[in-house]
**Q** 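This is the structure, below, for whatever I ask next.
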There are 2 protein chains.
Amino acid sequence: MAKITIKDVAREAGVSISTVSNALNDVDVLNPVTKSHVLKVAKQLNYVPNLNGKQLRSGKTKMLGFFTTSVSGPYFYKLVESMSRECDRLGYGLNVFITKDKQVIMSNILGRRVDGAIIYEELRIDEEDISAMEEEKIKAVFLDRVLHNETMGSVIFDSFVAGYEATKYLISLGHKKIAYISGVDTMFDSVERKEGYLAALRQYQIPVIEDYIMQGYFEEESTYNAVKSFLHLHPDKVPDAFLAGNDLSAIGCIQALKTLGYGVPLDISVMGFDDIDIAQYYTPPLTTVRNQIAKQGILAINQLVRLIQKKEQGVVQKLACELVVRGSSHVKINSD
Amino acid sequence: MAKITIKDVAREAGVSISTVSNALNDVDVLNPVTKSHVLKVAKQLNYVPNLNGKQLRSGKTKMLGFFTTSVSGPYFYKLVESMSRECDRLGYGLNVFITKDKQVIMSNILGRRVDGAIIYEELRIDEEDISAMEEEKIKAVFLDRVLHNETMGSVIFDSFVAGYEATKYLISLGHKKIAYISGVDTMFDSVERKEGYLAALRQYQIPVIEDYIMQGYFEEESTYNAVKSFLHLHPDKVPDAFLAGNDLSAIGCIQALKTLGYGVPLDISVMGFDDIDIAQYYTPPLTTVRNQIAKQGILAINQLVRLIQKKEQGVVQKLACELVVRGSSHVKINSD
DNA sequence: CTTTGCTATGAATGCGTTTTCATGAGTTAA
DNA sequence: TTAACTCATGAAAACGCATTCATAGCAAAG
């Protein structure tokens, strides 16, 4: 049997197409008897509305798109999970697009496959595309870029404060020689964390030593190598503590220190960022800074829906971080 | 400015709508000069085709849907990543729907928002829905259910063999008293793993002891409690080894054993399933059985696309597992 | 010079739905 | 009795596009 359409339901129920449409969409102009009759027939025929027809006509899809370059790692699935739940609550569907192709993003948004977009794309969308989106009054919320105008906004982590607070904590343990293992310098959070680190040092009048800032690229292995070669080169400059750009980097750092015979945390404190799943199971358990990932998802979806409903203009929302103290950090033991 | 449609491009280029359509869709009947002119005008106007119109008319969306009840945990993101990559390669988009509402699944599939579906839904779709899908010739591939007909197939892990091989390995280490910590008995993989365990014991003529089979529900804490209370109740029946339903469960088990003063692996071997990220970082690193998650994703997408293109009927594909030996297992030390 | 065949293009139709507007029946007021 | 007004329903248009089919133009064949 061919696909049942609204037409078939109308014929079978002995009413017009528009009556069927009104019945299905709860438009309150119908005689209750007619309505229930139509619904009964529809159910009996196993009628399912064609979403493409519906969307074409109404101009709405009731779908939100999450566009991201990657979905691996706990950040993404926690985010996706919270957004998904919030979408359910608000009567929207969530659509996850994983792609590095900017074209895909633009054609899906501008081609109206979704009513609005949450975007995490590591800064690949350039000003020109932003303008195109602005022109078309596309509704979007960015998770890794600070931006707000009539139809677009942001929800981001306050990574500057995260870097600042982490450093302040290490200082409070008595550490002065604090090394920083930088992440990827093109990423927003990476840059902000480092700035926070630098700001804290300045605040407590601890001189910034360039050699103490190394590149870990957010990876375990790169960090392992970086830390090892640093200590090889500067055996006289062993830091009191390492602040790594993220937890994976912190693990690489600790592995290197273990290999070289340093005890963590007794000889050297190490901390990271993110509080990934592994952090609490690692030996020693990682001291780290946790972001409110679920909250970011919830705020983003809510702002997006408000934008779609034109209840407000775009805003920038910043989320506070949370220090998680575990076993990889320790008060400075005076070894003089 | 209002949204640009194909009509505007046609007017501006001085040609008909159909010519624009042919130019954009690479239909090879056009004069190359006309074609390039049309494309130039389209680009100049920043024309982006409305996907709803396109899809309604063509009956195709070039989108595949992944329907799942959850996206948390490494299994899902690894799966999603591999499927996404494969979709890209084949010229499809991937659409992730996270929902526990069966209705959402059915209306998206039957409402033709996607050309085909990959389904992981923990057996919530009943026979009636399967029939409805069959009737409509919906193309679908299931990841947690064995099923094949003209338009639907499956790609699953051979969890029976996984359970069998894991048990066989523990036996090869000299263990005889092997306890099993069961997962969730409504889930396909969980049941199969346990059957494999039982089959291996039978094979090597080791009697099955009912007390050695406990419930861990795939959770760390449940397992922790189960193991603790078991050893409390049966101090005379300490097993040589524990085979846990998954890695999280194995971790719970090891925590309990540590607490009670048993050494892992010297006193007791423990192993799990899945090889989650934490497994290699845990102390001791977990011996486990790894599934070919990425391969599952790739096979599923490819089968689905073949079904859509009507190149073949649905089939059931089973994936072999892989034993990963790490530090949580050890040859039996005779303590007599 | 007419006919045939071929190519490039345009007019028109329809995909399945929502939505606007008209219509006819029934009710009330004058 | 008739005009005015409700109210439930239906006819038809429109959303943006792909696609079918007709046709104009032109070259080759008769």
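All values derive from a computational prediction rather than experimental measurement. A note on names: the letters A, B, ... follow the listed sequences, proteins ahead of strands, and every chain is numbered from 1.
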**Q** Take the protein atom CG of B/N22 and the nucleotide atom P of C/dT7, then report the distance between them rounded to whole Å.
**A** 15 Å
**Q** Roughly how many Å is it from CG in B/L30 to P in C/dT7, rounded to a whole number?
**A** 14 Å
**Q** Using a 4.0 Å heavy-atom cut-off across all strands, classify B/V15 as base, sugar-phosphate, or nothing.
**A** sugar-phosphate
**Q** Does the pair B/D88/A/K100 count as a salt bridge with the N-to-O cut at 4.0 Å?
**A** no
**Q** B/Q296 and B/I156: which non-hydrogen atoms are nearest, and at how many Å?
**A** NE2-CA, 4.0 Å
**Q** To the nearest Å, how far apart are A/R112 CZ and D/dC17 C1'?
**A** 15 Å
**Q** How long is the line joining CD of B/Q55 and P of D/dA18, in whole Å?
**A** 11 Å
**Q** Rounded to the Å, how far apart are A/R113 CZ and D/dC17 C1'?
**A** 14 Å
**Q** Within this structure, what is the NZ-to-C1' distance between B/K60 and D/dT19, rounded to whole angstrom?
**A** 13 Å
**Q** To the nearest angstrom, how far is B/R11 atom CZ from D/dG16 atom C1'?
**A** 14 Å
**Q** At under 4.0 Å between heavy atoms, which parts of nucleotides 12-17 of chain C does protein reach? Answer with one letter per nucleotide, 5' to 3': B base, S sugar-phosphate only, - none.
**A** --BBBB
**Q** I need the single residue from A/F66, A/F67, A/F76 that forms a ring pair (Phe, Tyr, Trp, His ring centres under 6.0 Å) with A/Y120. Which is it?
**A** A/F76
**Q** Any salt bridge linking B/D129 with B/K102? Criterion: basic side-chain nitrogen under 4.0 Å from a carboxylate oxygen.
**A** yes
**Q** Determine: side-chain N/O of B/T34 to OP1/OP2 of C/dA8, distance under 4.0 Å, yes or no.
**A** no
**Q** Is any NZ, NE, NH1 or NH2 atom of the basic residue among B/E192 and B/K318 found under 4.0 Å from an Asp or Glu carboxylate oxygen of the other?
**A** no
**Q** Taking only side-chain N and O atoms of B/T19, does any of them lie within less than 4.0 angstrom of OP1 or OP2 on C/dG10?
**A** yes
**Q** Are side-chain heavy atoms of B/Q55 and B/N52 found at a separation under 4.5 Å?
**A** yes
**Q** Over how many whole Å does the gap from B/D8 atom CG to D/dC15 atom P extend?
**A** 11 Å
**Q** Measure from the side-chain N and O atoms of A/T34 to the backbone N and O of A/L30, and report whether any donor-acceptor pair falls under 3.5 Å.
**A** no
